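Remember, predicted model here, so these are calculated numbers, not experimental data. Side chains included, hydrogens not; waters and symmetry mates left out as well; all remaining heavy atoms used.
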Amino acid sequence: MFEFIRTHKRLMQIFLMLLIVPSFVLVGVSSYGNGGDAASVVATVDGQKITQQEWENAQRAQMDRYRGIMGAQFDQKMFETPEAKKSILESLVADRAIAAEIARNHLSISDTLLAQLYAQNLKRPDGSFDTEQYKQIAAQQGLTTAGLDAKIRRDMAVQQISGAIANTAFAPRSVSSRLSDISDQEREVQELIVPASEFAGQVKVTDEMVKAYYDKNATLFQIPEQVKIEYVVFDSNTVEGLVSVSDAEVADFYAKNTKRFGTAEARSASHILVNTSKDMNSAAKAAAKAKAEAILADVRKTPADFAKIAKAQSQDPSSAELGGDLGVIEKGAFPSALEDAIYKLKPNEISGVIESEFGFHIVTVTKLAPATTKSLDDVKGEITAELKKQKMSKKYSELVEEFTDTLYEQSESLKPTADKLKLKIETVDKLSRTPSPALASAPFANPKFLKAIFADEALKNKRNTEPVEVAPSTLVAGRVIEFKPAAKRPLAEVEAVIRQRVTAEEAGKLAKKAGEAKLAAAKASGDAAGFGAPQVLTRTRQPTINPVAAADVLKADVSKLPAYVGVDMQAQGYAVYRINKVTMPAQVDVARRAAEAEQITGAVGQQEMYAYVEALKKKSKAKITAETVKVEAVK
């Protein structure tokens with residue numbers, strides 16, 4: 001495209017910002033260097049202050065991000081712990097320390113690099129720059145486009161620093177090779193199982209043993225507190241039948257928004273350019289114009305060869321290779337003289353020589369799609385749905401207030417609320433604080449609603465809960481009908497289960513004793529008598545033996561073979577393993593080893609980046625005041 005397109009950097013998009021911000025930067029450093037009242041200062045970095053307000057803004061920003069990610073599962077209290085808040089403050093301090101280093105070293109991003117990065121993002125389908133989306137993203141960040149440019153430069157500088165450190169991280173090949181060797185190592189083992197079931201007949205469980213187990217493991221026999229509740233759901237379906245859209249309203253909307261349902265005229269054009277410059281003398285400029293007129297004469301002789309001539313003669317490198325193709329023309333994208341000519345031409349008509357600040361142009365319209373407008377019948381359904389949605393939203397807002405007020409005014413019953421808004425009262429029995437995962441999608445199983453229904457006010461006074469938003473435009477309110485506190489199951493009810501467990505435990509102890517004797521005998525004899533067939537274990541494949549036992553076998557000392565390992569599998573019994581030999585596979589997985597080496601190098605890079613940031617904090621004399629970790633929760 002023309003050079004002037006490349007120089008309009010203020011019109012370049014900002015979407016790349018979302019991809020390049022380093023993970024350790026929580027908040028931009030646009031306020032770096034700001035002062036603040038001493039009482040509100042929570043940290044200092046390089047002599048500059050971080051204020052209480054900035055810290056709280058960072059907390060809110062993080063909560064907003066996670067609220068968007070987690071939706072209905074978002075719990076603000078997760079972010080209000082002293083640890084979570086202190087972590088954000090430490091990230092702010094790290095951010096400022098890096099910013100101070102950037103300022104000290106006068107690091108900057110050139111206009112050219114910024115433009116190149118912008119040019120890769122937020123293009124319209126036709127390849128032109130989307131100015132509106134650029135402005136919209138800036139507005140979403142609460143910035144002007146100039147401020148957005150500054151933020152991108154800053155983030156890119158930070159990424160260059162972190163990238164330089166991460167990319168130069170180095171892990172010795174011997175380290176990665178050794179770790180990969182350990183992963184590939186194969187151990188041939190034989191197994192000897194002493195099952196606990198063989199000793200079950202020798203176990204005599206007394207009443208005293210049952211009572212002791214019952215008392216020692218009280219939590220195993222606990223019945224959690226439970227409630228029987230009734231609840232109502234207020235959502236968009238409640239108001240759907242209360243609103244309607246008339247044909248007159250649809251027609252009126254169509255008349256006022258006709259442009260919205262139309263497609264503007266689309267012109268595609270090609271051009272041939274003979275360059276001029278501001279410092280060109282009149283003779284040179286006249287020569288350039290003469291050259292353009294000669295090209296025009298050739299084009300008019302053979303209009304069908306326009307693309308061929310453009311490729312050979314045009315001095316616009318971007319479009320010449322494409323036969324002069326400029327793509328779809330948009331208002332304001334080209335010099336006015338050139339644009340006016342394009343919009344006056346008919347398809348395949350050749351213009352005269354047109355002068356602009358870039359030189360002399362010859363242009364032709366290669367394609368023309370006339371403007372069109374959909375009929376009212378074509379868009380009636382779309383308009384009706386939109387108007388109904390608007391009305392439902394308004395009606396929903398009105399009724400939410402009624403829903404809330406009635407719940408509070410008639411707090412001892414849900415019936416007045418249900419009758420007024422024509423809601424159905426549902427009942428749930430034996431509801432606990434942690435219902436079955438199978439009920440996860442039910443409105444009464446929402447964590448926020450459960451917290452409200454198990455609150456003291458609802459449990460003790462059996463009053464209506466406040467409305468709880470369990471999904472977008474979906475409110476639930478409930479009331480406790482019955483409450484059963486947590487209780488312990490009677491011994492008689494669980495005695496049979498306890499006897500089974502005690503029998504299994506005691507049989508496991510006997511199996512362990514017998515297994516340890518076999519282990520000692522095997523070590524003494526060194527032979528494989530009683531062991532099963534050999535099998536191979538590695539760290540990269542699913543084990544063919546008990547996973548717990550496999551972990552013990554793979555970490556056993558194999559400096560002397562055969563090696564023996566005993567594994568207590570509790571109520572299942574006892575296992576003895578004989579490790580016969582340790583080998584390496586004939587052929588290693590080269591791709592996996594390369595990936596492991598990259599992971600190790602990445603881990604080293606992260607550690608070095610952490611150490612670098614810590615060094616910058618010391619260099620900047622960063623200090624967090626001790627009392628700041630006790631800040632109140634951000635509301």
Side-chain angles (χ1 to χ4, degrees), residues 63-64 66-81 84 218-240 396-489 632-635:
M63 286 191 286
D64 288 344
Y66 278 91
R67 186 179 285 109
I69 294 170
M70 301 173 69
Q73 301 301 315
F74 175 77
D75 184 358
Q76 182 168 318
K77 292 191 179 298
M78 292 171 56
F79 302 90
E80 294 179 344
T81 65
T219 55
L220 296 177
F221 310 110
Q222 194 81 7
I223 302 174
E225 57 185 341
Q226 296 180 337
V227 291
K228 180 178 181 181
I229 69 164
E230 57 184 18
Y231 70 95
V232 290
V233 177
F234 177 74
D235 57 17
S236 56
N237 293 329
T238 307
V239 300
E240 185 172 7
Y396 180 85
S397 299
E398 294 172 356
L399 294 182
V400 162
E401 188 173 349
E402 289 187 36
F403 180 66
T404 304
D405 289 345
T406 310
L407 286 172
Y408 288 137
E409 291 168 2
Q410 307 287 335
S411 62
E412 296 181 354
S413 173
L414 291 175
K415 192 172 186 305
T417 303
D419 289 346
K420 188 172 186 178
L421 298 175
K422 296 181 173 54
L423 304 176
K424 182 180 179 182
I425 298 177
E426 304 280 0
T427 302
V428 179
D429 198 5
K430 296 181 180 180
L431 178 65
S432 68
R433 292 180 184 266
T434 54
S436 166
L439 300 174
S441 61
F444 59 79
N446 180 274
K448 290 188 286 187
F449 177 72
L450 290 171
K451 184 177 181 180
I453 204 71
F454 279 95
D456 287 346
E457 180 71 9
L459 288 179
K460 294 179 180 178
N461 300 323
K462 293 184 172 54
R463 295 185 183 279
N464 298 337
T465 68
E466 63 183 358
V468 177
E469 187 175 30
V470 298
S473 301
T474 303
L475 299 177
V476 178
R479 176 175 169 273
V480 174
I481 302 173
E482 296 177 7
F483 170 63
K484 294 180 180 180
K488 191 176 180 181
R489 294 182 186 276
E632 292 298 320
V634 176
K635 301 298 183 186

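Taking every heavy atom of both residues into account, R479 and E412 meet most closely at NE-O, 2.9 Å. Shown here for S413 and N464, the closest heavy-atom pair between the two residues is O-ND2, 3.0 Å. Taking all atoms of both residues into account, the shortest heavy-atom contact from P416 to T406 is C-CG2, 3.9 Å. Considering every non-hydrogen atom in both M63 and F79, the closest pair reads CG-CB, 3.7 Å. Closest non-hydrogen pair, P467 versus A477, comes out as CA-CB, 4.5 Å. Closest non-hydrogen pair, V476 versus P443, comes out as CG2-CB, 3.7 Å.
Atom CD of E469 is surrounded by more than 12 heavy atoms from other residues, nucleotides or ligands within 6.0 Å. Summarising the local packing, NZ of K451 is surrounded by 12 or fewer heavy atoms from other residues, nucleotides or ligands at distances under 6.0 Å. Atom NZ of K488 has more than 12 neighbouring heavy atoms from other residues, nucleotides or ligands inside a 6.0 Å radius. F221 CZ: more than 12 foreign heavy atoms inside a 6.0 Å radius.
In this structure, the side chains of T427 and K228 come closer than 4.5 Å at one or more pairs of heavy atoms. Counting heavy atoms from C-beta outward, F444 and I453 have side chains that stay 4.5 Å or more apart. Using a 4.5 Å cut-off on side-chain heavy atoms (C-beta onward), I223 and R489 make contact. Counting heavy atoms from C-beta on, the side chains of L399 and L421 come closer than 4.5 Å. Looking at E225 and F454, their side chains come closer than 4.5 Å, going by heavy atoms from C-beta outward. Contact annotation: the side chain of L414 approaches that of L407 to within less than 4.5 Å [non-hydrogen atoms, C-beta and beyond]. At least one side-chain heavy atom of L450 sits under 4.5 Å from a side-chain heavy atom of P435.
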Quiz prompt | Stepwise side chain to side chain contact (heavy atoms under 4.5 Å, CB included) check, E426 with E230 | solution = CA-CA 5 Å; E426 304 280 0; E230 57 184 18; over 6 Å; no
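Between atom NZ of residue K448 and atom CD of residue E466 there is a gap of 10.5 Å, rounded to the nearest 0.5 Å. Taken to the nearest 0.5 Å, the CZ atom of F483 stands 13.5 Å off from the CD1 atom of I229. Residue E409 holds its CD atom at 10.5 Å from OG1 of T404, rounded to the nearest 0.5 Å. Note that the CG atom of L475 and the CZ atom of F449 stand 11.5 Å from one another [nearest 0.5 Å].
The only option from Y408, F403, F234 that meets the side-chain contact (heavy atoms from CB on, under 4.5 Å) definition with T417 turns out to be F403.
A distance-only check finds no donor-acceptor pair linking the side chain of T474 to the backbone of V470 [under 3.5 Å]. T238 contributes a side-chain N or O that, together with a main-chain N or O of D235, makes up a donor-acceptor pair within less than 3.5 Å.
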